[in-house]
Amino acid sequence: MIAAIVLIVVIVATLAVGTALRTRSGKFRTTGVDASTGTHELDPALATVGVGDGVPVVLHFSAPWCGPCAAVRRVVVQVLDREPGRAREVELDLDENPVPARKLGVLSLPTTFVFDGDGRERFRASGVPSADDLRTALSSL
């Protein structure tokens with residue numbers, strides 16, 4: 001009897017955690033970086049991929065074996081094609097670029113970042129973001 005109750009509790013907890021993670025998937029979260037702070041040192045690993053050169057950057061990590069990564073690519077292209085010059089896309093293969101991924105704390109694919117023109121990380125999303133969420137994140141820069 002106790003084993004059955006423990007099993008039910010474990011199943012309910014697992015479903016609750018899964019539901020919470022799924023509702024958060026693809027949603028941009030503010031990273032807490034305040035653009036008004038004085039000095040900002042750009043990480044050289046990010047500078048080499050074009051972050052921080054005066055133009056906002058949508059950086060997304062992908063891999064050939066990642067199915068949802070293609071959906072992120074389509075969303076980013078859809079948003080950036082509507083407003084040419086608003087921001088630039090940078091896609092990095094996680095397997096070929098482990099240093100920037102590690103420095104940014106990428107734990108799953110796909111992961112998308114929005115950087116302001118100074119190279120400050122402003123937003124991040126794990127999963128496939130919606131086009132509207134990406135537009136909203138970019139419009140705040």
For [X], enumerate each residue passing the side chain to side chain donor-acceptor pair (under 3.5 Å) test, keeping only those at least two apart in sequence or located in another chain.
{"X": "D95", "result": "W65"}
{"X": "S108", "result": "none"}
{"X": "R86", "result": "none"}

- Message: Tell me if a side-chain donor or acceptor on D118 pairs with a main-chain N or O of R120 at a distance below 3.5 Å.
- Response: no
Quick one: are [X] and [Y] in side-chain contact, heavy atoms under 4.5 Å?
{"X": "V114", "Y": "P56", "result": "no"}
{"X": "F113", "Y": "V58", "result": "no"}
{"X": "P110", "Y": "V128", "result": "yes"}

- Pairs flagged by disulfide bond (SG atoms under 2.5 Å apart) wherever residues 44-112 is involved - sequence neighbours left out: C66-C69
- With sequence neighbours left out, the residues meeting salt bridge (charged side-chain N to carboxylate O under 4.0 Å, His left out) with R88 are D53
Minimum heavy-atom separation for [X] to [Y], with atom names?
{"X": "V49", "Y": "V90", "value": "O-CG2, 3.5 Å"}
{"X": "V99", "Y": "A45", "value": "CG1-CB, 4.3 Å"}
{"X": "T111", "Y": "S126", "value": "OG1-OG, 4.0 Å"}
{"X": "V72", "Y": "P129", "value": "CG2-CD, 4.0 Å"}
{"X": "L141", "Y": "F123", "value": "CD2-CE1, 4.4 Å"}
{"X": "L94", "Y": "A101", "value": "CD1-CB, 3.3 Å"}

- Task: Name all pairs fulfilling the side chain to side chain donor-acceptor pair (under 3.5 Å) condition that reach into residues 69-85, sequence neighbours left out, sorted by first residue then second.
- Result: R73-E91
- Message: If you apply the rule side chain to side chain contact (heavy atoms under 4.5 Å, CB included), what do you find for L46 with L59, and how did you get there?
- Response: CA-CA 10 Å; L46 295 176; L59 169 67; 4.3 Å; yes
